[in-house]
Undergrad: 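Dropping the structure in here first, questions after.
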Amino acid sequence: MAKLPPGVVQVVPQISQETFDQVVRENIEEFEMGPEEAVADAADQFKSQGVDLSNIIQQAPGTGDDKNKPHPVMDVIAEYTSLVGADAPDHAAVASCCSALCSFLKDKAVRLLVGNSGAITLVLAACDKFGVMDTFPDTRDVFVNALQVLCALVQEQPDLLGTVQATCLETTSGDTAVPTAEILRMCHHLEVHANDAEIQSLLLKASRFGCFMHESNRQAFVAAGLIEFALVAAERHSTAASTVTQALLVLRALTKDDDPRVPFGRGNDHVSKICSNETNGLERLLGVLRECHSDPTNTCETSTRDPKVGAELFKTLSQLASRDEYCKKMVDLGCLDYTLPAMAAFVGDENVCHGACSLLRAVAGNDDVKRIIGERGGIQQIVDTMQKHLRSAKVGEQGAAALAALALKTPANAAMIVAVGGPHVLVKLMYMHPAAVKLQRQACMAIRNMVVRNQDLIDAVLGEGAENAINVALSSHKDCKDEATAALRDLHCKVEMRMRWTGNIKTENLDLDGTPRY
């Protein structure tokens, strides 16, 4: 398949379930195919036309008297409706029904079918009923079951919690999306059940699914207080890895701008709200980091440190380091006191190293922080981490990006990178991952930043084979052209510098009547 130009999204056609079922029925009734053969033939026909069938339940529909027979999941929905409506439902039956629903909802096509049937109303009603533990004291387990169904249903279907609101479509509007009844009910449960780690984890997970590529829901959740609920959950349940992880994933989801249906999002506004003095998000997240990694040298079995939590914290903090003052504030609050030791303690954990390198890259956007990281041995730690994870393209990419940021306009750091073997590791990574475009681009940028103000380092960098590695990247990836060309230029290597069009009209660019063509 041909590669699409940057910024171009390929639209894949889809069909309705009714259209697919009609073709299958025709295969059975007119061509006398068996059910399995009829489904396979219909699927092949549509796939040959480039149709995406991910939203289609590929099974033979009913024929004759069974033509209108519903999918088996609808029978489970009907049973669940009856149980939720009962005054004293059988908890074992509810648990069994929820388990069956979660199993069915793993299939994307079934999720779409259930979502279109309006089942979100039933699922939220079940959460409301079983979540009132004062009235129904023994319903915690079935409440958890109901939340699991909610997560399974909302996954990849954020519109179930609210459609795109007009305030998000108007470029001049300064209004915020209004929380829907569904979002308010979820946030109510977050507030009421703040002391239960498992319930918090499931509610935060469902909230994150509701924010996926949905700007209106993001704004509505923020207006309903989700930022505070997530921070409270992370602080209160700092020893519960799942809960902390979901809280951090929610915070990151609120800072994204990925909804193609709206002209622009408010991810940066949400970052500002998290980092504001009113919310104190940075202080509170670093408090969680301090709690999770209070003793980086502690390796005893009773240690509450969890590498996954550390990795998620690093990724979240790097997402929040979007402004110069936030970068400096994180370092002033002590983030390096835990980031660098964690890299050493979990040097074999790819996710921790990737997250830590991402964070160092982000905070190195501040010139004072660049110097601090260099003085505290951060450069040596980054190079050692990259060397340890040579087979990991994502660690290599973030490590190279961190080195590029640290070397930019900082000759002392550039000299230190060369002294600890940075060019050797960068060139080796470029050869080991020739298809990793982002890694190639970041490595070229790092090499360029090392030598642009330190001409005396050129020979050391070229001695590692940088020129050939950069030329390979230049010839293989158009996306690396600018960075690779700049690196070769500043290394004083042979490079073809093409002048872009200056706007002058060519003498041969004429219309038929001889007038200039503009």
Undergrad: With side chain to side chain donor-acceptor pair (under 3.5 Å) as the criterion, how do Ser392 and Glu350 come out once you've worked through the C-alpha distance, each side chain's angles and the decisive distance to 0.1 Å?
TA: CA-CA 8 Å; Ser392 172; Glu350 182 183 18; 2.5 Å; yes
Undergrad: Apply side-chain hydrogen bond (donor to acceptor under 3.5 Å, both in side chains) to Thr316 and list each qualifying residue two or more places apart in sequence or on a separate chain.
TA: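 Listed in chain order: Arg252.
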Undergrad: Please step through salt bridge (Lys or Arg N to Asp or Glu O under 4.0 Å) for the pair Asp258 and Arg218, ending with a clear verdict.
TA: CA-CA 11 Å; Asp258 56 2; Arg218 270 195 289 268; 2.9 Å; yes
Undergrad: Would you find more than 12 non-hydrogen atoms of other residues, nucleotides or ligands less than 6.0 Å from Arg261 atom CZ?
TA: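 Buried by this count: over 12 neighbours within 6.0 Å.
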Undergrad: Begin from the C-alpha positions of Asn268 and Lys273 and carry the test side chain to side chain donor-acceptor pair (under 3.5 Å) through to its verdict.
TA: CA-CA 9 Å; Asn268 288 332; Lys273 184 174 179 63; over 6 Å; no
Undergrad: If you draw a 6.0 Å radius around NZ in Lys308, do more than 12 non-hydrogen atoms from other residues or ligands fall strictly inside?
TA: no
Undergrad: Decide if atom CZ of Phe46 counts as having more than 12 heavy atoms of other residues, nucleotides or ligands within a radius under 6.0 Å.
TA: yes
Undergrad: Take atom NZ in Lys370; do more than 12 heavy atoms of anything else shown fall under 6.0 Å from it?
TA: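 Enclosed: over 12 neighbouring heavy atoms sit under 6.0 Å from NZ of Lys370.
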Undergrad: Any side-chain donor-acceptor pair under 3.5 Å between Asn471 and Lys494?
TA: no
Undergrad: Looking only at side chains, do Gln455 and His492 share a donor and an acceptor under 3.5 Å apart?
TA: yes
Undergrad: Answer yes or no: are there more than 12 heavy-atom neighbours, outside Asp44 itself, under 6.0 Å from its atom CG?
TA: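 Yes.
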Undergrad: Does the side chain of Thr176 pick up a donor-acceptor pair with the side chain of Arg266 at under 3.5 Å?
TA: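 Judged by distance alone, the side chains do pair up.
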Undergrad: Check this for me, if you would: do Glu325 and Lys329 make a salt bridge, where the nitrogen-to-carboxylate-oxygen distance has to be below 4.0 angstrom?
TA: no
Undergrad: How long is the gap from CG on Asp107 to CD on Gln58, to the nearest 0.5 Å?
TA: 9.0 Å
Undergrad: How far does CG of Asp368 sit from CG of Asp332, to the nearest 0.5 angstrom?
TA: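 CG of Asp332 is found 9.0 Å from CG of Asp368.
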Undergrad: Does CD belonging to Glu278 count more than 12 external heavy atoms closer than 6.0 Å?
TA: no
Undergrad: Without hydrogens or angle criteria, can the side chains of Asp196 and Gln200 be said to hold a donor-acceptor pair below 3.5 Å?
TA: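 Checked: Asp196/Gln200 side chains show no N/O donor-acceptor pair below 3.5 Å.
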Undergrad: Is it true that Glu235 and Arg284 make a salt bridge, defined as a side-chain N closer than 4.0 Å to a carboxylate O?
TA: yes
